Amino acid sequence: MKYMGHKGKLLPVLGEILKCESVNARRVADPFCGSGAVSWFLAQSTSKAIFSSDLQSFAAARAAAVVERTIVLDADSIIRTWFQAARKVVNSIVVHFPNSSRSIQPDLTIATRIRSLVVRSRKFCHSVLPSLLDNLGGEFPMTIAYGGHYFSPMQALELDALRQTVPSSIAESNACIAALVEAASRCAASPGHTAQPFQPTDTAARFIVEAWDRDVWDLTAQALRSVACAHAQTKGKALVGDYQDCIRNLEPGDLVFADPPYSDVHYSRFYHVLETLARGFEVTVTGVGRYPPLSERPGSSFSRKGEAHSAARALVDGCATQQVSLVLTFPSEGASNGLTTADFVRLGTGKFASIEVYEVSSTFSTLGGSAASRGGRKACIESIACFRV
Ligand SMILES: C[S@@+](CC[C@H](N)C(=O)[O-])C[C@H]1O[C@@H](n2cnc3c(N)ncnc32)[C@H](O)[C@@H]1O
């Protein structure tokens with residue numbers, strides 16, 4: 001899954017380091033689990049119980065889908081039942097719009113008319129659909145908040161219908177939500193992440209056409225098939241919460257893998273769409289980005305310049321006090337929250353038996369940077385620092 005700070009590409013090196021550093025640990029924590037890539041890797045390739053957490057519930061749901069399950073799921077059977085229930089919800093809405101090519105499922109073949117098509121789609125989702133959806137019951141957050149913006153009206157309805165009808169078994173529900181989050185992230189008509197949707201300008205129109213044309217069912221099925229066959233060797237746990245709570249549950253000798261934010265912009269600014277989907281409840285949104293109110297968007301002390309240093313101290317001290325080793329990934333320098341790897345090393349010096357830093361070439365997203373640098377990826381040196389008790 002596309003995610004800011006995703007460590008998937010680093011796993012060939014990072015994974016080996018984590019396996020080696022966790023040899024004597026009973027548990028490994030991934031308290032900033034994000035896309036879940038590292039939690040999934042650890043759960044599948046080690047026999048340790050993995051404890052994952054994140055401030056955002058979609059991230060915890062991604063991790064839970066694999067770390068909490070020790071058996072393979074039958075993806076085809078889940079898809080059959082799940083999609084049937086979701087299609088029923090979609091059909092119960094579509095049936096009210098016989099001329100649905102003008103509203104629910106706009107004709108995307110004429111890109112020159114994209115502006116009026118987008119305006120019409122937004123109006124349809126804001127003004128026409130809500131009263132019908134109210135009568136149907138159930139929650140339709142994607143349609144009400146994001147239909148005609150990040151998603152076509154039909155895509156938004158499909159996402160809502162799928163979210164409403166996830167299976168009731170915890171293991172299946174976790175896998176389905178994880179798959180749905182991935183599908184939504186791949187469909188969203190948004191540059192890079194989901195901070196703002198594309199607008200129907202001459203240059204961006206084709207991106208909207210391309211995104212709105214993506215098939216929610218296919219992408220969800222594809223994602224579910226890959227989640228379903230991944231599972232942990234030992235059952236772990238994934239929770240929504242602060243990294244400090246996750247670390248507090250460890251015992252001496254365990255290992256923490258910490259991949260804290262390096263950006264001075266909160267993750268919730270980029271991923272509110274996925275968060276709304278995972279929560280499954282309607283939200284009031286405002287602005288071009290269709291943001292939920294700040295009070296409903298988790299904020300991180302690592303992304304507040306004035307607090308980042310004390311957050312780093314609390315992380316390093318928390319591990320030392322708990323007598324757990326720490327493997328930290330962080331850009332060697334150039335992070336917009338003002339921290340460097342050297343800051344963490346300074347904070348840990350004298351509190352651990354040894355500290356060793358490896359450096360690897362990487363890139364990081366500049367979406368959280370200044371307007372001039374927004375939208376690209378910047379080459380950087382990423383440090384993997386091992387603090388051993
Ligand atoms: C660099 S990303 C992690 C990326 C992840 N390792 C991956 O491979 O996808 C940092 C994550 O930390 C989370 N986060 C920020 N502050 C946090 C806190 N105080 N406690 C827990 N999670 C936090 C963010 O929501 C974000 O998902």
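Counting starts at 1 for both ligands and their atoms, following the listed order. On a predicted model such as this, the values are computed, not experimentally measured, just so you know. Excluded from the calculations below are hydrogen atoms, water molecules and symmetry mates; all remaining heavy atoms, backbone and side chain alike, are included. One-based numbering along the sequence shown.
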Quick one: does [X] get a heavy atom under 4.0 Å from ligand 1?
X    : answer
C33  : yes
A59  : no
F302 : no

At less than 4.0 angstrom from any non-hydrogen atom of [X], what atoms of ligand 1 do you find?
X    : answer
H6   : 7 (C), 8 (O), 9 (O)
P31  : 21 (C), 22 (N)
Q56  : 25 (O), 27 (O)
Y3   : 9 (O), 26 (C), 27 (O)
D242 : 18 (C), 19 (N), 20 (N)

Would you mind checking which non-hydrogen protein atom is closest to [atom], with the distance to 0.1 Å?
atom                    : answer
atom 20 (N) of ligand 1 : Y243 N, 3.0 Å
atom 22 (N) of ligand 1 : L55 N, 3.4 Å
atom 25 (O) of ligand 1 : D54 OD1, 2.7 Å

Legend entry - From CG (L326) to SG (C319), nearest 0.5 Å: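 Those atoms lie 4.5 Å apart.
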
Per [atom], closest listed option by heavy atom ([options]):
atom                    : options              : answer
atom 7 (C) of ligand 1  : S301, G8, S35        : S35
atom 16 (N) of ligand 1 : S300, S53, A60, G241 : S300
atom 1 (C) of ligand 1  : F330, Y267, F32      : Y267

Go through the side-chain N and O atoms of [X] and [Y] and say whether any donor and acceptor fall under 3.5 Å apart.
X    : Y    : result
S39  : D30  : yes
W217 : E158 : yes
S303 : D264 : no

Legend entry - Expected output: side-chain Y267 to main-chain G34 donor-acceptor under 3.5 Å: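 Flag not set: sc Y267 to bb G34 has no pair under 3.5 Å.
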
Legend entry - Output field: ring centroids Y3/Y271 closer than 6.0 Å: yes

Legend entry - Ring centroid separation H272 to H266 under 6.0 Å: no

Legend entry - hydrophobic_cluster_shared for F32 and V316, side chain cutoff 4.5 Å: yes

Inset, instruction - Give yes or no for whether the N/O distance cutoff of 3.5 Å, strictly under, is met between D259 and ligand 1. - result: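 N/O-N/O distance below 3.5 Å exists for this pair.
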
Inset, instruction - Return yes or no for this condition: an N or O of K7 is under 3.5 Å from an N or O of ligand 1. - result: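 So ligand 1 has an N or O lying under 3.5 Å from an N or O of K7.
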
Legend entry - G148 versus S121, closest heavy-atom pair with distance: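 Looks like CA-CB, 4.0 Å.
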
Inset, instruction - Over all heavy atoms of both residues, which pair between P331 and T341 is shortest? Give the atoms and the distance, please. - result: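 Closest pair (atom of P331, atom of T341, distance): O-OG1, 3.1 Å.
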
